[in-house]
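Heads up: numbering here begins at 1 and tracks the sequence. Any value given below was found using the heavy atoms of this structure, including those in side chains, with hydrogens, waters and symmetry copies removed.
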Amino acid sequence: MNHARIIPHGSQEQLAQETSRRVITVLEQAQDERGEATLVLTGGSMGNKVIQAIANDPDSALVDWSRVNVWWSDERFVPGADSERNGVQAADAAQGQLDLEWDRIHPIAASDEMSTAEEASADYREELATAAEQEGSDSGLPYFDLMLLSLGPDTHVASLFPGREEVTVTSTPVMAVHDSPKPPPTRVTMTLPAINSAERVWLLVAGSAKAKALAAIRDPEATPQSTPGSAVRGTEETLLLVTEDALPGLPQDPEG
């Protein structure tokens with residue numbers, strides 16, 4: 001993942017605040033260019049801190065939130081109101097402060113809506129394809145301006161875990177995950193081709209517990225199956241937005 005640019009931050013709070021400003025800038029520019037913007041959210045504590053920072057940022061008023069499309073890179077297949085769901089956590093973090101249009105929010109179906117994760121993944125594929133068709137594309141995926149991801153301590157991203165077959169799948173943009181090494185065991189995730197279709201992919205890496213994972217994905221010998229986080233990249237930009245305590249032993253790239 002040596003193609004990615006590392007941008008260090010002094011604390012998790014600084015990471016959240018500066019990422020918030022970056023997100024707002026991307027969405028504002030996208031709306032100026034295309035009339036709308038599309039953001040793919042991630043779960044995890046750092047991802048939720050970023051959402052909260054966006055909601056509380058005065059500059060968020062620069063974005064017309066009624067023209068922002070929101071998707072999720074993965075979701076836990078549990079009941080819709082379960083606090084484990086990334087969508088529930090994101091809504092809690094936003095605190096109702098972003099005037100999003102419900103028709104533009106695309107949660108992955110929950111276990112009390114569909115019987116199996118396979119049904120939920122098929123439903124999400126269909127929803128993605130419909131959005132793509134509305135944009136005049138037959139790719140099966142709408143245009144993603146920005147994909148936010150969090151790096152797990154085992155180098156997983158979304159629900160793509162090391163050594164698992166899901167990491168190697170290229171035939172579908174969304175799939176079910178069973179027996180996940182991290183609970184809950186059943187999930188729905190975007191695959192690497194869908195993730196890497198985004199114009200910008202930003203990977204959030206916070207805390208000293210992520211230092212080994214960050215070093216692993218930067219290793220020139222890293223492979224997608226052993227270190228999934230090493231395989232993510234945007235079509236135009238890939239950023240590693242990290243806290244300094246995750247950086248020991250790694251060269252830091254200039255902001256540029």
Side-chain angles (χ1 to χ4, degrees), residues 1 4-31 37-63 65 68-76 83-100 105 144-153 155-158 182 195 198-214 217 229 232 234 237-248 250 252-256:
M1 201 185 190
R5 184 156 55 97
I6 293 179
I7 301 177
H9 303 78
S11 66
Q12 291 190 22
E13 290 70 25
Q14 184 186 13
L15 173 56
Q17 293 295 331
E18 294 193 8
T19 302
S20 166
R21 297 187 190 101
R22 289 178 180 276
V23 171
I24 289 167
T25 298
V26 167
L27 298 182
E28 184 186 11
Q29 291 176 348
Q31 289 184 341
T38 299
L39 173 64
V40 185
L41 294 177
T42 185
S45 59
M46 197 66 237
N48 290 323
K49 285 182 180 180
V50 170
I51 295 169
Q52 186 174 27
I54 293 170
N56 293 326
D57 194 321
D59 286 345
S60 67
L62 299 172
V63 176
W65 292 98
V68 175
N69 307 301
V70 179
W71 301 83
W72 273 266
S73 62
D74 75 319
E75 186 56 276
R76 291 86 181 269
S83 61
E84 290 272 9
R85 278 180 62 87
N86 292 332
V88 170
Q89 294 175 13
D92 289 345
Q95 300 172 329
Q97 295 188 59
L98 303 176
D99 293 328
L100 294 160
I105 303 173
F144 297 145
D145 293 289
L146 174 59
M147 174 85 57
L148 282 177
L149 295 170
S150 294
L151 181 68
T155 74
H156 84 265
V157 289
K182 180 181 179 182
I195 289 171
E199 180 176 335
R200 297 171 180 83
V201 173
W202 297 352
L203 196 52
L204 303 171
V205 188
S208 58
K210 304 290 182 70
K212 289 184 178 179
L214 180 58
I217 68 171
V232 300
E237 178 182 72
T238 310
L239 297 182
L240 291 168
L241 303 174
V242 309
T243 54
E244 291 176 352
D245 55 358
L247 281 172
L250 279 182
Q252 296 183 21
D253 297 335
E255 172 91 18

Value rounded to 0.5 Å, distance of [atom1] in [X] from [atom2] in [Y]:
| X | Y | atom1 | atom2 | answer |
| --- | --- | --- | --- | --- |
| Thr238 | Ile6 | OG1 | CD1 | 12.5 Å |
| Gln52 | Ser45 | CD | OG | 11.5 Å |
| Arg22 | Arg200 | CZ | CZ | 11.0 Å |
| Thr42 | Gln89 | OG1 | CD | 10.5 Å |
| Asp57 | Thr19 | CG | OG1 | 11.5 Å |
| Lys49 | Ile54 | NZ | CD1 | 14.5 Å |

Quick one: closest heavy-atom pair of [X] and [Y], and the distance?
| X | Y | value |
| --- | --- | --- |
| Ala198 | Met147 | CB-CB, 3.7 Å |
| Ala55 | Ser60 | O-OG, 4.3 Å |
| Ala90 | Trp72 | CB-CZ2, 3.9 Å |
| Ala30 | Ala37 | CB-CB, 3.8 Å |

Okay, side chain of [X], backbone of [Y]: is any donor-acceptor separation there less than 3.5 Å?
| X | Y | value |
| --- | --- | --- |
| Ser20 | Ala16 | no |
| Glu75 | Asn86 | yes |
| Thr243 | Gly207 | yes |
| Glu199 | Glu237 | no |
| Ser73 | Ala158 | no |
| His9 | Val242 | yes |
| Thr155 | Gly229 | no |
| Trp202 | Val23 | no |

For Glu84, give me all partners under salt bridge (charged side-chain N to carboxylate O under 4.0 Å, His left out), at least two apart in sequence or on another chain.
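Residues passing salt bridge (charged side-chain N to carboxylate O under 4.0 Å, His left out) with Glu84: Arg76.
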Within a strict 4.5 Å, meaning less than it, do heavy atoms of the Ile217 and Leu203 side chains meet?
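SC-SC contact between Ile217 and Leu203 confirmed.
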Is there a side-chain contact between Met46 and Val205, using heavy atoms and a 4.5 Å cut-off?
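No, every pair of side-chain atoms sits at 4.5 Å or beyond.
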Would you mind telling me which of [options] makes a side-chain contact (heavy atoms from CB on, under 4.5 Å) with [X]?
| X | options | answer |
| --- | --- | --- |
| Leu149 | Ile195, Asp74, Val40 | Ile195 |
| Leu240 | Ile7, Leu214, Leu151 | Leu214 |
| Trp71 | Leu39, Thr38, Leu41, Ile105 | Thr38 |

side-chain contact (heavy atoms from CB on, under 4.5 Å) for Val201 and Phe144? Distances and angles first, verdict last.
CA-CA 9 Å; Val201 173; Phe144 297 145; over 6 Å; no
